[in-house]
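Below is one structure; the comments refer to it alone.
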Amino acid sequence: MGFCLTPFKAGKPDVKLDAKAEALLSSGSPYKTQIKSGSRGRGLVVQDVAAPHDVVWSRILDFDHYTSMVPRTVLSENYSVRGGREKEIKTRMKLSVVVTQMEFFIRHVHYPSKNSLTWTLDYDRKSDIDDSCGF
């Protein structure tokens, strides 16, 4: 299995926010919505962060410490880090969901020149979820 969802491309996101979303962000709250596409859908969360660029990226890229930063994450460890200008980071993750845990393997690609990070499942490994991709 794999390649169920269309992966995101690096670069400026193609996200249009309405006045309600902008007001929510201005109040300090995240904007969350679901985008339906037939029988599938995507979740979208936008959050303004009042911090220097390098601090934000250092937290996003600190996958080895997501257990202390991301709720319900019980394991997060990199098993491969490669690259130069574009860096590929593969991470094993486990989430605690209700009475079980889900394990999955994510392939992140960081594009510093495009101020972007994209991810998909690592399709070379077996994950407990059908697919995941994000930006």
Side-chain angles (χ1 to χ4, degrees):
M1 181 149 324
F3 304 108
C4 298
L5 299 171
T6 303
F8 289 88
K9 295 188 185 321
K12 187 174 178 176
D14 184 22
V15 175
K16 308 282 188 267
L17 300 177
D18 61 17
K20 183 178 175 185
E22 293 283 358
L24 199 58
L25 290 168
S26 293
S27 75
S29 297
Y31 169 68
K32 302 175 186 178
T33 190
Q34 293 286 323
I35 301 167
K36 301 270 185 191
S37 178
S39 63
R40 295 183 182 172
R42 293 180 185 240
L44 172 69
V45 178
V46 178
Q47 175 74 56
D48 283 337
V49 178
H53 180 265
D54 59 328
V55 171
V56 173
W57 277 112
S58 72
R59 300 300 285 185
I60 291 171
L61 296 170
D62 192 9
F63 301 113
D64 283 328
H65 293 99
Y66 270 34
T67 56
S68 63
M69 296 186 290
V70 180
R72 296 188 299 275
T73 303
V74 296
L75 182 135
S76 182
E77 59 187 11
N78 294 334
Y79 58 91
S80 175
V81 178
R82 299 187 338 212
R85 289 185 6 221
E86 294 177 2
K87 185 184 255 184
E88 177 188 72
I89 306 164
K90 293 183 177 182
T91 309
R92 175 182 174 215
M93 301 185 89
K94 280 188 183 179
L95 297 181
S96 178
V97 182
V98 189
V99 296
T100 190
Q101 291 185 0
M102 296 185 326
E103 180 179 46
F104 51 98
F105 300 87
I106 300 290
R107 178 185 175 266
H108 308 91
V109 182
H110 181 218
Y111 304 86
S113 65
K114 296 182 179 183
N115 204 27
S116 298
L117 175 93
T118 62
W119 72 85
T120 62
L121 286 182
D122 178 354
Y123 299 114
D124 293 331
R125 299 208 175 194
K126 183 173 176 5
S127 293
D128 292 335
I129 57 177
D130 288 336
D131 208 359
S132 176
C133 66
F135 173 85

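- The CE atom of Met69 sits 9.5 Å away from atom CD1 of Ile60, with the distance rounded to the nearest 0.5 Å.
- Shown here are the ring pair (Phe, Tyr, Trp, His ring centres under 6.0 Å) partners of Phe63, two or more places apart in sequence or in another chain: Tyr66, His108.
- Under the 4.5 Å side-chain heavy-atom criterion for ILVMFWY residues, a single connected hydrophobic cluster contains both Ile106 and Leu61.
- The stretch residues 110-120 participates, sequence neighbours left out, in no salt bridge (charged side-chain N to carboxylate O under 4.0 Å, His left out) pair at all.
- Taking the salt bridge (charged side-chain N to carboxylate O under 4.0 Å, His left out) definition, one finds that Asp14 meets it with Lys16, sequence neighbours left out.
- Rounding to the nearest 0.5 Å gives a distance of 5.0 Å between CD1 of Ile129 and CG of Leu121.
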Under 3.5 Å donor-acceptor pairs involving side-chain atoms of residues 97-104, not counting sequence neighbours:
residue: Glu103; atom: OE2; partner: Arg92; partner atom: NE; Å: 2.4
residue: Glu103; atom: OE2; partner: Arg92; partner atom: NH2; Å: 2.8

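- Remark: Glu86 engages no residue in a salt bridge (charged side-chain N to carboxylate O under 4.0 Å, His left out) (not counting sequence neighbours).
- The cluster map of Ile, Leu, Val, Met, Phe, Trp and Tyr, joined by side-chain heavy atoms under 4.5 Å apart, puts Val15 and Tyr111 in different clusters.
- In this structure a side-chain-to-backbone donor-acceptor pair under 3.5 Å is present from Ser127 to Phe105.
- A heavy-atom distance below 4.5 Å is not found between the side chains of Cys133 and Thr118.
- When the side-chain contact (heavy atoms from CB on, under 4.5 Å) test is applied to Lys126, no partner is found at least two apart in sequence or on another chain.
- Shown here are the side-chain contact (heavy atoms from CB on, under 4.5 Å) partners of Ser29, two or more places apart in sequence or in another chain: Leu24, Ser27.
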Side-chain donor-acceptor pairs under 3.5 Å in residues 43-57, sequence neighbours left out?
residue: His53; atom: NE2; partner: Trp57; partner atom: NE1; Å: 3.3
residue: His53; atom: NE2; partner: Asn115; partner atom: OD1; Å: 2.8
residue: Trp57; atom: NE1; partner: Asn115; partner atom: OD1; Å: 2.8

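- Screening residues 57-68 for salt bridge (charged side-chain N to carboxylate O under 4.0 Å, His left out), with sequence neighbours left out, gives no hits.
- Using modelled atom types, one side-chain atom of Ser116 and one backbone atom of Gly11 make a donor-acceptor pair closer than 3.5 Å.
- Cluster membership check: Tyr79 does not share its hydrophobic cluster with Val109, using side-chain heavy-atom separations under 4.5 Å among Ile, Leu, Val, Met, Phe, Trp and Tyr.
- Considering only residues two or more places apart in sequence or on other chains, Arg82 meets the salt bridge (charged side-chain N to carboxylate O under 4.0 Å, His left out) condition with Glu88.
- The CG atom of Asp131 sits 7.5 Å away from atom OG1 of Thr120, with the distance rounded to the nearest 0.5 Å.
- Partners of Phe135 according to the ring pair (Phe, Tyr, Trp, His ring centres under 6.0 Å) rule, which considers only residues two or more places apart in sequence or in another chain, do not exist here.
- Applying the salt bridge (charged side-chain N to carboxylate O under 4.0 Å, His left out) rule to Lys90 yields the partners Asp122; only residues at least two apart in sequence or on another chain are considered.
- Contact check for Leu95 versus Met93: no side-chain heavy atoms found under the 4.5 Å cut-off.
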